[in-house]
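Only this structure's heavy atoms are used, side chains among them; waters, hydrogens and symmetry mates stay out. Convention: sequence-line order gives letters A, B, ...; per-chain numbering from 1.
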Amino acid sequence: MPHPLTANLNPEQAAAVELPPEHALILAGAGSGKTSVLTTRIAWLLSTGQCSPAGLLSVTFTNKAAKEMLLRITSMMPLNPRGLWMGTFHGLCNRMLRLHWRDAGLPEAFAILDSAEQLSLIKRILKALNIDDEKYPAKVLQHYINAHKENGRRAGDVDTWDDYSRMLRLIYEEYEKQCQREGVADFSELLLRCYELLSKNESLRAHYQSRFRHILVDEFQDTNKLQYAWLKLLAGKENALFAVGDDDQSIYAFRGANVGNMHDFQTEFSVKHVIRLEQNYRSQGNILDAANAVIANNRNRLGKELWTSEPAGEPIRVFEAATDFEEAAFIVEEAQSLIRDGNRANDIAILYRANAQSRVIEHALFTAGVPYRVYGGLRFFERQEIKHALAYLRLIANPGDDNALLRVMNFPTRGIGARTIESIQESARNAGTSLWQAACSGAAGRGAAAVKKFAEMIEGMRQQATGLAMPELVDMMLDLSGLRAHYKADKEGEERLANLGELINAATNFVQEDENNLIAFLSHASLEAGDHQAGAHEEALQLMTVHASKGLEFHAVFLCGLEEGLFPHDNSMNDANAVEEERRLMYVAITRARRRLYITLAQSRMLHGQTRYAVASRFMQEIPQQLLKFLNRGYAPQGYSGPATLASKIKSPTPEHGLAIGMNVEHPKFGRGVVTDYEGGASGNVQVNFADAGSKWLAVAYAKLKAL
DNA sequence: TCCAAAACAGTTTTT
DNA sequence: CTGTTTTGGA
């Protein structure tokens with residue numbers, strides 16, 4: 001007699017849900033009902049009394065996924081969400097650090113730096129240390145610091161071998177010190193600090209290990225080394241770690257995700273049960289066949305093949321355009337006809353590899369008057385006016401927050417110029433204090449009066465804040481800081497003013513759902529940047545990158561720009577692992593479509609103000625040709641033989657220099673490579689992608705290329 | 001302090 | 001080509 005919760009699941013799904021309390025790995029293919037399994041597992045554990053809500057730790061990557069999971073579980077059973085430890089890695093680490101801030105060595109009101117704030121802090125340090133930011137770019141340092149933290153390394157743990165690497169480590173050291181001084185933590189710090197807390201504090205670790213009997217992780221293929229290490233600490237020996245993931249959908253290696261964690265998990269935890277969810281409930285046969293065929297070209301897979309009980313369905317439609325404009329025109333026309341046939345615009349997606357591709361498509365859609373929505377871009381809490389407002393709130397919570405202070409000390413302008421700020425920074429540096437302390441101790445020099453007024457204003461806010469509810473606090477701050485007046489006076493400040501009003505609403509909502517606590521609200525703002533933009537539910541075509549489409553599905557999908565150099569991207573082509581990640585990206589893209597999939601490409605494309613020519617993506621060639629239907633003028637499956645003059649350039653060598661795109665050549669210095677583009681005839685340039693040296697533009701006349 | 005011109009970069013991105 | 005950031009001058 002099956003349990004009522006698992007009655008609607010297939011045998012593999014049900015088996016996963018009802019696994020005994022032990023470590024398990026669920027390989028969940030695209031569209032295989034992964035979220036159902038995860039949520040039903042939790043509901044099953046709770047309803048069979050094997051686990052109390054407090055004994056459960058459930059981790060996801062995004063707030064969106066966490067919210068959806070909570071929603072689905074509470075629809076299955078009544079639950080008090082506050083007692084549940086369910087959230088993102090960062091959210092859960094933050095929660096733990098707030099509870100044990102003293103043990104973690106953090107101030108009670110520590111602020112969370114987002115990436116932009118982290119970058120500006122690094123820039124400030126470079127300036128303070130008088131370091132050449134050409135030689136040591138802030139962005140490089142940011143990546144360096146985050147990468148080390150994500151591998152569990154403090155500055156003291158980093159190896160050095162020359163002056164350059166020693167300097168990098170020194171800056172990392174300074175960064176650590178400065179964060180500690182200011183009482184701020186960047187995103188990776190939340191994880192590392194929490195990891196260190198648990199690893200050093202035996203009793204705390206024991207406490208959480210005995211508490212969280214069941215640990216469930218979503219999108220396990222996206223975990224980085226530190227996140228896995230954190231899970232290992234919490235899982236200890238006794239607890240059951242239930243990991244769900246899909247190695248074929250690992251597309252975030254570039255930001256530190258380590259697919260290898262899946263394999264390591266199996267061996268390190270002696271996982272007895274690996275369950276594969278291979279039945280796909282989303283797409284029809286041809287689409288799955290294409291996806292399976294493409295991903296089969298990757299090596300080192302854990303192994304999995306999607307199948308469906310649905311019919312084969314329609315062929316995959318291919319459109320080869322001469323230019324990116326023509327590609328866009330085709331998409332618009334075809335999408336319009338789909339909508340005319342009664343399909344919802346919401347259920348049609350246009351996917352691309354790089355954001356830059358959306359421009360041409362947007363233009364075509366706009367001209368045709370087709371409503372569309374682009375995902376990506378600025379999010380609510382990232383807006384300038386919101387950042388300013390949050391900076392004031394952060395100063396109320398923690399005046400030692402130099403980042404916040406610098407952001408608003410002179411915004412709205414109140415006569416505190418660069419000179420004054422520099423002298424404050426100087427004296428803070430000398431005295432080893434925060435800018436706030438330096439400013440209060442009269443280090444301002446000429447601008448002292450304005451600085452004093454500013455300090456009094458912040459002090460006044462802090463006094464008035466006590467006992468106020470969050471929305472009133474925000475309101476008060478908007479008035480006292482002069483932010484509201486500033487945007488009111490600005491004739492283009494109307495929208496910003498509205499956003500500030502929206503911030504008060506956000507505070508109201510927050511107080512209702514969570515608590516009336518400034519520090520908690522600020523954490524929330526840092527960890528959850530909010531929706532990308534308004535209008536999410538309008539009836540409109542959905543435009544997004546393939547990355548952003550992961551987890552979503554659509555009736556019809558346009559996958560565009562399927563050209564070598566774009567997808568797979570130029571920067572990935574020299575590295576076998578990177579190409580495999582691109583291929584997984586292709587796999588993700590294909591599996592978004594339920595019934596209809598279009599693949600489009602352009603022989604020429606405007607990129608960075610230059611026309612670039614490209615051949616069809618290798619990924620397109622990897623789809624069995626019988627699954628494809630070529631829509632325009634009987635173009636041959638491989639290469640381009642169409643009537644466009646560009647095609648001749650791609651197919652046959654130019655008489656002037658005898659080079660052709662796709663031709664294998666050898667260079668005396670760079671070795672073997674393939675011609676990917678050229679311009680300007682015999683006196684022009686040729687682009688060659690070298691096996692070892694990467695992609696280069698060379699002068700045809702001097703390059704001494706030998707055809708192979 | 002502010003604005004305009006010049007310089008520059010340009011896969012993918014959540015927290 | 002185009003959006004962003006830096007720089008320099010008024």
- Query: Is there a stack between A:His90 and B:dT15, judged by ring centres under 5.5 Å and planes under 30°?
  - Reply: no

- Note on the structure: Between A:Asn571 and A:Lys64, whichever has its closest DNA chain B nucleotide further toward 5' is A:Asn571

- Message: Could you tell me how far apart A:Leu566 (CG) and B:dT12 (C1') are, to the nearest whole angstrom?
- Response: 12 Å

- Message: I'd like to know if the side chain of A:Gln142 and the backbone of A:Ser115 have a donor-acceptor N/O pair within less than 3.5 Å.
- Response: yes

- Message: Looking at A:Arg353 and A:Glu582, is there a salt bridge between them, counting it only when a charged N and a carboxylate O are closer than 4.0 Å?
- Response: yes

- Send over the distance from A:Gln249 CD to B:dT14 P, rounded to a whole Å. 16 Å

- Query: NA contact type, A:Asn63, heavy-atom cut-off 4.0 Å: base, sugar-phosphate, or nothing?
  - Reply: sugar-phosphate

- Query: Under a 3.5 Å cut-off for both distances, is C:dG3 Watson-Crick or wobble paired, and to whom?
  - Reply: B:dC8

- Between A:Glu563 and A:Arg612, is the closest basic N to carboxylate O distance under 4.0 Å? no

- Query: What is the distance from CZ of A:Arg255 to C1' of B:dT14, rounded to the nearest Å?
  - Reply: 5 Å

- Query: Would you say a side-chain N or O of A:Ser572 is under 4.0 Å from OP1 or OP2 of B:dT12?
  - Reply: no

- Under 4.0 Å between any heavy atoms, over every strand shown, what does A:Asn410 touch: base, sugar-phosphate, or nothing? Just pick one. sugar-phosphate

- Select one nucleotide: of B:dT13, B:dT11, B:dT14, the one nearest the side-chain heavy atoms of A:Thr545. B:dT13

- Touch check for A:Ser188, heavy atoms < 4.0 angstrom, all strands: base, sugar-phosphate only, or nothing? nothing

- Item | 5′-ward residue of the pair A:Arg414/A:His569 relative to DNA chain B | A:Arg414

- Please check the phosphate of C:dT6 (OP1 and OP2 only) for any side-chain N or O of A:Lys123 closer than 4.0 Å. yes

- Can you tell me the distance, in whole Å, between the CE atom of A:Met606 and the P atom of C:dT2? 8 Å

- Task: Check for a donor-acceptor pair, side chain of A:Asn261 on one end and backbone N or O of A:Gln221 on the other, with a separation under 3.5 Å.
- Result: no

- Checking N1-N3 plus N6-O4 or O6-N4 for Watson-Crick, or N1-O2 and O6-N3 for wobble, each under 3.5 Å, the partner of C:dA10 is B:dT1

- So does A:Ser115 reach the base of B:dT15 with its side chain, donor to acceptor, closer than 3.5 Å? yes

- Query: Is there a Watson-Crick or G-U wobble partner for B:dT13 with both distances under 3.5 Å, and which nucleotide is it?
  - Reply: none

- Message: Tell me the interatomic distance from A:Glu219, atom CD, to B:dT14, atom P, rounded to whole angstroms.
- Response: 13 Å

- Output yes when at least one side-chain N/O atom of A:Asn355 is less than 4.0 Å from OP1 or OP2 of B:dT11, else no. no

- Query: Rounded to the nearest 0.5 Å, how far does CG of A:Leu393 lie from CD1 of A:Ile519?
  - Reply: 12.0 Å

- Query: With A:Met586, which of A:Ile251, A:Leu562, A:Asn297 fulfils side chain to side chain contact (heavy atoms under 4.5 Å, CB included)?
  - Reply: A:Leu562

- When you compare B:dT11 with C:dT6, how far apart are their C1' atoms, in angstrom units rounded to a whole number? 24 Å

- Message: Nearest whole Å is fine: how far is B:dT14 C1' from A:Phe254 CZ?
- Response: 9 Å

- Item | Per A:Arg359 side chain, nearest of listed nucleotides B:dT13, B:dT1, C:dT2 | C:dT2

- Whole-Å distance between C:dT2 P and A:Glu362 CD? 13 Å

- Rounded off to whole Å, could you give me the CG-to-P distance for the A:Leu226 and B:dT15 pair? 17 Å

